[in-house]
Each structure stands twice: as C-alpha cells, then as structure tokens.
Asker: 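One structure, pasted below without further comment.
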Amino acid sequence: MSKDRAKKIPTPQPVRGTQDMLGDFADRFQHVVDTFDRVRRLYGFKRVEVPVIEPTAVFARSLGETTDVVSKEMYSFEDRGGESITLRPEFTAGIARAYISNGWQQFAPLKVATHGPLFRYERPQKGRYRQFHQLDAEVLGSDSPLADAELLVLADQLLKELGIAEGVTLTLNTLGDAESREAWRAALVEHFTVHRGELSEDSLARLDKNPLRILDSKDPRDRPIADSAPDIDAFLTGAAQDFFGAVTAGLDAAGVAWERNARLVRGLDYYRHTAFEFVTDRLGAQGTVLGGGRYDGLIEALGGPPTAAVGWAAGIERLAMLLADNAVDTRLDAVIAVEDDAMFDLAMRGLRLLRDNRVSADIVATGSPRKRFDKAAKIGARALISISLRDGAPFTNAKTDGSEAAARAEALFRSIG
RNA sequence: GCGAUCGUAGCUCAGUUGGUUAGAGCACCGGUUUGUGGUACCGGGGGUCGUGGGUUCAAGUCCCAUCGGUCGCCCCA
C-alpha cells in the first residue's frame, strides 16, 4: 500500500446504470430465477437461449415507427466490420428472429422461456437500470386465446410461489384485432383533437406521435380528457370480443384474479388483442412487475410468415426487491471456531466431513485465537462449534439453535473424535 | 434530454448562524493473568471532507463550474 498519491491508479468507474450484487441481493435474484425455472417446467415451456447481441435491424424493424426508442434508448455500436450491432433491449424480437432463422415453425405452437441481461440506454432510477435482467415466456405460432390464458396463469403462479402476489394486481385490456384497433385509434384522435387546448404539452406531442399513450398520461391536466375518452369496447369486432371473452373465461376458470384497465395500451403497431401488466404500488414510479401481450404482427414485420404469438417479460430486480426479507435463507448449518492452531487439522477433517454430508459449513481459523469464537458467532450459523486444546486434549463445544440441521452438524463433527 | 436532492474513514452517517489538531457506529488489527464463554470491554491504524475555481482574517459549512449517486419527468419494446 503506497501512500504516494501521485502513483495512485484511479479506479475506472462502473458504467452508468450497471450494478454489482453481493450476498443477500444476489441470492434473492437467483431465487427469482430458480423459481421461474421450476414453474415454467410445470407448464411445459422449453428453455431457449438467444444471443445478447443482434444486428440492429432485428430491433429497429420490430420497433417500427417509434423512432424515439430506436434512436435514443438502444445500446448500439458498430463492430469492426462496420455492421451496426445492438445489445438486446428485449427478448421478444430476438426470439422471433431465431424462430424464423431456425425454422421453428415446425414446432408450432412453441412454448419457450428464457432469462438474462438486457440493455437500454436510459436514465437510471428506482427499479430501472441500463443493464437489467428479465424473465421471459413466449408462445409462438398460436392464435388461440388459451395461449394468452396459459401465460397469465403461469405468471400468476410464479408470483404466488415467490410470495409476492399480495399487493400485485393483474390489469388486463384488449387492443382488438387490426380493424378494431384502427377504428378505436381514429376515435381517440378525434376526441383528443377536440380537446387539444386542454392537453399538456407532452400530450400534444403524443397526439402526433403516439395518441394511445395519452390514455395513461400522469399529468393531472390530461386526466379528465383521458378518462372521458372512448373505450375500445364500442369498436371491437365480434371476433375480437370473442377472443377477449375467451381469455377472461380461461382466467376465471383457472382462478386467476384480474381487473379490466381500459386505459392500458401498447405503443407498437404489431400488438393485437390481449395486453396486460401485473402492477404494484410498492416500487415507486416503476410499478410494472410483469407485462406483455399478443404480438401477432411481429414475426411478419421481421420477414417471417404471418405468425400469431403472445408473451410476457418480468424484471428480475423488481421481483427480487418485492421478496419478503426472509424469502431466502442463506444461513450456514455450522461454523467451526478453531481456538487453538494445534486443532487446525482436526477442524479441517470435521469441516470436510460436514460438507461431504451436505451440511453447509465454514471455518474461522485466522487472526487472534481468542477472537475467533466471537468472529464465528457473528456469522450466525445454526450451530457454532468451537474446538480448543484443554489440558492437552482436544475439546469440542457446540452451541446450536435447536434445529435438526444444527444437531446433525454437531453429531457429525463429534463423530470424528 | 429536463428537474429535485445528496457526495465527510473501507461501509452507514453526525458535524450548529463559517471559527482551534474533523467525530461516532460497523468493519479491520492488537490487548483484556487457560475460559462451557467473549455477538463483551479497552486500545490502534485509517480522511488533502467527490474534483476544480471563487468569496473571506478564516470554508466540510457560502457562491460558481464539473463529475458521480439517488429519486422523479420524458420514454418505456
């Protein structure tokens, strides 16, 4: 350690919006992933892996007209060959591309699930990072409302098994088929145009770029106009009505609670029919915990055959933040305090024996011998085993929390004599 | 891109209307006359107060700039 500041090497700063995780939060993160992996198997969803990097066109084309997102929110760069590459900002487009590239039509309807890091060039805030992580589930090649319902039942079960279903609400809407959607959109534009004098500046801009988005504006000036805007219901075709009815009937039959939110919309044109979000008020401004919908137009927009598909994604960080404090138990079964260095070999034999028998254990054998007991106690294992030399003979003492695991650890350790 | 707020020890934070050598807890290291206890007690090391300017007899404290963090807006695939 040099005290010469002139020679001090400056530590590179982490990239904005990235995070390092240690211990508890990393364990909670992994618990979410493990639970998802277990539940998705129950529903017969296959594991799928797609690249973190794709040609920019994969996302630019799927996102279509929303130039703001493409130009400002994507992590894009040129590789050495001059090709524009983008770090995936979502799973869906990459999976759709893979579906086409590999001819997975042959497996339709295909139920797949994945999870991993995603990247968006955004200003970080609570529950929102530049590198973040999602769970993802998709059903490709099915135009059945049963697929929508099954995905929602899967989501519902996931949240219940994570123990966070309390305080999280499934909100549901339909965007109808292409015909319904166009009619509704035209009616909304007309409604907002009539009231354009009362809209916020932001919503005036939305009126040109993305009129549906005015419906979920947070600006109080917009609320009366948004709330009095027509619902899509009057514009739904018979087929679109039937589709939505079948989805909700499926949810009811499976015992999934839901609420209609006629203001829930999607900005992108390829969305059809079902749109949904599981929301909570426990995460500040970023209240969506899991969201998705039907995107029957996407695969075609990527140059594939017309293919119906539906899916959702959920933020792992956000789910991990909602877990109860005691959701993940990382306590060790045993910790061994070596209070005399002459006992080190004995302690190591015991440690190995415990671990061989699936008993999690650690050892404290460094620093001042008389402090090792305290150090070990602070680790908070189920059993605290101390080993010292007393009257020239090894002496083992154990304090346990009364649990079976602790008793087993003590018995095993004492068995080495 | 915009706004608010915060940057003091490895970590979490005190630090009064500007006024001596900048403090605490945790962590780390050492000590506390062989002990079924000791998650304790005592001591020690560690800080050019984010960085750069400015105001002042005097700046952690006030002003400006800059770089970061946090929260919100825009956007949200």
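Keep in mind that what you see is a predicted model, and the values were worked out from it rather than measured. Just so it is clear: chains get the letters A, B, ... in the order the sequence lines come, proteins before strands, and each one is counted from 1.
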Asker: Just call it for A:R206: base, sugar-phosphate, or nothing, with non-hydrogen atoms closer than 4.0 Å on any strand.
Answerer: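 Sugar-phosphate, no base atom in range.
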Asker: Establish, with yes or no, whether the OP1 or OP2 oxygen of B:rC73 is under 4.0 angstrom from a side-chain nitrogen or oxygen of A:Q125.
Answerer: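 It does, given that an N or O in the side chain of A:Q125 lies less than 4.0 Å from OP1 or OP2 of B:rC73.
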Asker: Run the salt-bridge test on A:E54 and A:R88 with the 4.0 Å N-O cut-off and return the result as yes or no.
Answerer: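 No, no charged N to carboxylate O under 4.0 Å.
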Asker: Considering only heavy atoms and no angle criterion, is a donor-acceptor pair shorter than 3.5 Å present between the side chain of A:K371 and the base of B:rG31?
Answerer: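 Check passes, donor-acceptor contact within cut-off.
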Asker: Using the six-membered ring wherever Trp is involved, compare the ring planes of A:H191 and A:H195 and label them parallel, tilted or perpendicular (cut-offs 30° and 60°).
Answerer: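 A:H191 vs A:H195 ring planes: tilted.
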Asker: Using ring centroids (six-membered ring only for Trp), state whether A:F244 and A:H273 fall under 6.0 Å.
Answerer: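 Here the rings of A:F244 and A:H273 have centres that are no less than 6.0 Å from each other.
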Asker: Between A:E190 and A:R185, does at least one N-O distance fall below 4.0 Å, as a salt bridge requires?
Answerer: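 A:R185 and A:E190: not salt-bridged.
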Asker: For the side chain of A:R16 and the base of B:rC67, is some donor closer than 3.5 Å to an acceptor across the two?
Answerer: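 When only heavy-atom distances are counted, A:R16 does not reach the base of B:rC67 through any donor-acceptor pair under 3.5 Å.
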Asker: Under a 4.0 Å heavy-atom cut-off, which of residues 311-343 of chain A touch RNA chain B?
Answerer: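 Only A:E339 qualify.
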Asker: My understanding is that a pair needs two contacts under 3.5 Å, Watson-Crick or G-U wobble. By that rule, which nucleotide pairs with B:rA4?
Answerer: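 Per the H-bond distance test, B:rU70.
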Asker: Does the structure show a Watson-Crick or G-U wobble partner for B:rA24, both distances under 3.5 Å? Name it, or say none.
Answerer: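 Because both required distances fall under 3.5 Å, B:rA24 counts as paired with B:rU12.
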Asker: Polar pairs (N or O, both sides) under 3.5 Å between protein and nucleotides 6-13 of chain B?
Answerer:
none

Asker: Taking the basic N atoms (NZ, or NE/NH1/NH2) and the acidic carboxylate oxygens, is any pair closer than 4.0 Å for A:E404 and A:R408?
Answerer: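 No.
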Asker: Any side-chain N or O of A:K375 less than 4.0 Å from the OP1 or OP2 oxygen of B:rU39?
Answerer: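 It does not, given that no N or O in the side chain of A:K375 lies less than 4.0 Å from OP1 or OP2 of B:rU39.
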Asker: Check this one for me: any side-chain N or O of A:R123 less than 4.0 Å away from OP1 or OP2 of B:rG1?
Answerer: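 Answer no for this pair, as no side-chain N or O of A:R123 is under 4.0 Å from OP1 or OP2.
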